[in-house]
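Just follow the structure's listing: the first ligand is 1, and inside any ligand the first atom is 1. Keep in mind the model is a prediction, meaning the values are calculated, not measured.
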Amino acid sequence: MTDASFRFTHAVTRQPAASITSGLRAVDTGTPDLAVMQAHHAAYVAALRATGATVIELPPLSAFPDSVFVEDTALCLPQGAVIMRPGAPSRLGEAAEMAPTLEDLYTTVRRIERHESFIEGGDILVTGREVLVGRSARTNAAGIAELAAIVADWGHSLREVFTPPGVLHFKTDCSLMDADTVLSTDRLAASGCFAGYRVIAVAEGEEASANAIRFNDAVLFPAGFPRTRDRLVDAGYAVTEIGNSECAKLDGGMSCLSLRFTPG
Ligand code: CIR
């Protein structure tokens, strides 16, 4: 997949709903402020657009408090999109809400559909050579097996890995920086899952900055993590810092806020 793993013509986002205050969180660190989140979200969309991409902004979905985190609803590959089955019961219906948008853009849209299968996009890292999927509290073996069969039809190899205990998603702890380079926490890299990749380590104490995105020539990175930011800048990446204080209260970050793809 090489550059196709980080160069895209399109992104889809969804504006946060007022119900975001009821979003899921592992630990309560305070209620997210909608106005601040909206300002951060606007900066995020502007940063995506600044790379030259078309960004489709979907309207708020008040029935689904976590629906701003669109990444969990689908996996978008060059050959087609796959609609997920989120493992959080309150989020299961978000996937169907995303389907029409992807059906408008893609020729091929498939679905994770078995009753026993659960999988969320936050557990999936597509690199230049493979699709890595972390088993987690949201993503189970049945969901991974169903996805593996679909992506095999499209010529991709899928490798099952593990999301660290207590970590929401695989990509809570890592990000793709280019086809062969990942940004990762030490706790995740220590599992050996990135053997053969170049790994840029998140600075100690800045683990919450591991969720970033490479999107075309930009790296969108959460504000407030200067040592990790400097490591990325020193490695030659063009870093755009985006406020993430409100999404962080709901365990969300840069990757969660968009689907990124070149429709096929
Ligand atoms: C959730 O618990 O599902 C949301 N509050 C956060 C989802 C973050 N999504 C992601 O990492 N892809």
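- Side-chain atoms of Leu92 and Pro86, non-hydrogen and from C-beta on, do get closer than 4.5 Å to each other.
- A salt bridge does not link Asp123 with Arg135: none of the charged nitrogens is closer than 4.0 Å to a carboxylate oxygen.
- Linking Ile, Leu, Val, Met, Phe, Trp and Tyr whenever their side-chain heavy atoms come within less than 4.5 Å puts Phe69 and Leu220 in one cluster.
- Between Tyr106 and Phe261, the gap from one ring centroid to the other is short of 6.0 Å.
- Within the 4.5 Å cutoff, the side chain of Asn244 has heavy atoms near those of the Met254 side chain.
- Of the N or O atoms in Leu250, one or more lie within a sub-3.5 Å distance of an N or O in ligand 1.
- At under 3.5 Å, a nitrogen or oxygen of Leu24, whether backbone or side chain, sits near a nitrogen or oxygen of ligand 1.
- Atom 8 (C) of ligand 1 has its nearest heavy-atom neighbour, among Cys256, Gly87, Ala137, in Cys256.
- In terms of polar-atom proximity, Arg91 is counted as a contact of ligand 1, with an N or O under 3.5 Å from an N or O of the ligand.
- Taking all heavy atoms of Met254, His169, Arg138 into account, the minimum distance to atom 1 (C) of ligand 1 is reached by Arg138.
- Classification of Lys171 and Glu71 as a salt-bridged pair holds, one side-chain N sitting under 4.0 Å from a carboxylate O.
- Atoms of ligand 1 found under 4.0 Å from any heavy atom of Asp66 (numbered from 1 in listed order, with element): 4 (C), 5 (N).
- Contact annotation: for Asp72 versus ligand 1, heavy atoms closer than 4.0 Å belong to the side chain alone.
- By the 4.0 Å heavy-atom criterion, Thr172 is excluded from the residues contacting ligand 1.
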